[in-house]
Amino acid sequence: MTRFSAAERVASAASPMSGKPVGTADLVGQPLLATEPGCAYRDLFERELTSLAPVDFMEFGTIEATKRAAAAGLGISPPPEVTVAAELAEGSLVRLRWEPPFTIRTQLAWRAGKRLPAHARLFVAQARRLVAEEA
């Protein structure tokens, strides 16, 4: 099962970039917030920005800390969409109008012929239901 996921580009509601189209060059030079290197969404975002100029990230240990820093106005963050849904709905974070030239895939895989435990079957069923709802 494969799903294409969105990585949001978020900033505080008070960000001067809020509500207007943003290009990649506009993001270079902005304070950037993320978790450690190795997260797919951060690595793709960083690769895109460094194609124009070197960039530095203020790194946090968790997505939650990264979201709170963005909401406090410390910079721009590229977290997975599902992790910022509540903050976007309540208005503490806003989407930046930048369309990345990449997509992120989320995949579930398991060994053919192997019976999954009940909790894993439930997880797979829920994941399939959510993907079907979004299609």
Side-chain angles (χ1 to χ4, degrees):
M1 179 172 75
T2 300
R3 176 180 181 267
F4 289 96
S5 304
E8 291 293 346
R9 284 74 44 210
V10 297
S12 83
S15 171
M17 300 181 117
S18 176
K20 58 184 175 184
V22 176
T24 302
D26 298 321
L27 299 174
V28 174
Q30 295 296 315
L32 302 171
L33 317 170
T35 55
E36 70 281 349
C39 295
Y41 62 89
R42 183 248 169 99
D43 291 347
L44 289 167
F45 187 59
E46 185 172 5
R47 187 176 314 140
E48 182 62 24
L49 296 181
T50 57
S51 70
L52 297 178
V55 296
D56 290 315
F57 281 84
M58 184 183 307
E59 295 178 359
F60 296 86
T62 65
I63 291 174
E64 186 63 30
T66 306
K67 293 187 311 185
R68 288 179 185 234
L74 296 179
I76 296 166
S77 180
E81 179 179 26
V82 68
T83 67
V84 292
E87 291 81 0
L88 291 169
E90 73 185 16
S92 63
L93 291 174
V94 294
R95 281 181 179 92
L96 295 181
R97 293 175 51 197
W98 177 69
E99 289 301 320
F102 55 81
T103 57
I104 298 173
R105 294 176 189 239
T106 300
Q107 298 180 329
L108 294 177
W110 54 93
R111 187 179 202 165
K114 181 171 169 90
R115 182 164 170 79
L116 295 173
H119 65 279
R121 288 193 309 272
L122 179 61
F123 177 78
V124 170
Q126 286 292 87
R128 284 183 170 151
R129 183 184 62 78
L130 289 170
V131 167
E133 285 176 7
E134 290 180 359

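On a predicted model such as this, the values are computed, not experimentally measured, just so you know.
- Clustering ILVMFWY residues whenever any of their side-chain heavy atoms sit less than 4.5 angstrom apart, transitively, puts Val28 in a cluster other than the one holding Leu74.
- The side-chain contact (heavy atoms from CB on, under 4.5 Å) check on Ser12 picks up Ala14, Ser15, with sequence neighbours excluded.
- For Arg42, the side-chain hydrogen bond (donor to acceptor under 3.5 Å, both in side chains) test picks out Glu46, Glu59, with sequence neighbours left out.
- Taking CG of Leu33 as the start and NZ of Lys67 as the end, the distance is 13.5 Å to the nearest 0.5 Å.
- Residues satisfying the side-chain contact (heavy atoms from CB on, under 4.5 Å) criterion with Pro54, sequence neighbours excluded, are absent altogether.
- Applying the side-chain contact (heavy atoms from CB on, under 4.5 Å) criterion to Ala120, with sequence neighbours excluded, gives Leu116, Pro117.
- Remark: Arg97 CZ to Ser18 OG distance equals 9.5 Å, nearest 0.5 Å.
- Between Leu52 atom CG and Leu27 atom CG the span is 9.5 Å, to the nearest 0.5 Å.
- In this structure, a donor-acceptor pair under 3.5 Å is present between the side chains of Ser92 and Glu90.
- Residues Thr66 and Met58 have side chains not in contact (no heavy-atom distance under 4.5 Å, counting atoms from C-beta outward).
- Going from atom OG1 of Thr50 over to atom CG of Asp43 covers 10.0 Å, rounded to the nearest 0.5 Å.
- Taking hydrophobic clusters as Ile, Leu, Val, Met, Phe, Trp and Tyr residues chained together by side-chain heavy-atom distances below 4.5 Å, Ile63 does not share a cluster with Phe60.
- The two residues Val84 and Pro79 have their closest heavy-atom pair at CG1-CG, 3.4 Å.
- Here the OG-CZ distance, from Ser77 to Phe57, works out to 8.5 Å after rounding to the nearest 0.5 Å.
- Note on residues 20-38: pairs passing side chain to side chain donor-acceptor pair (under 3.5 Å), not counting sequence neighbours, are Thr24-Trp98, Thr35-Tyr41.
- More than 12 heavy atoms of other residues, nucleotides or ligands shown are found within 6.0 angstrom of CZ on Arg129.
- By the side-chain contact (heavy atoms from CB on, under 4.5 Å) test, Pro16 pairs with no residue at all, sequence neighbours left out.
- Taken to the nearest 0.5 Å, the CD1 atom of Ile76 stands 8.5 Å off from the CG atom of Leu49.
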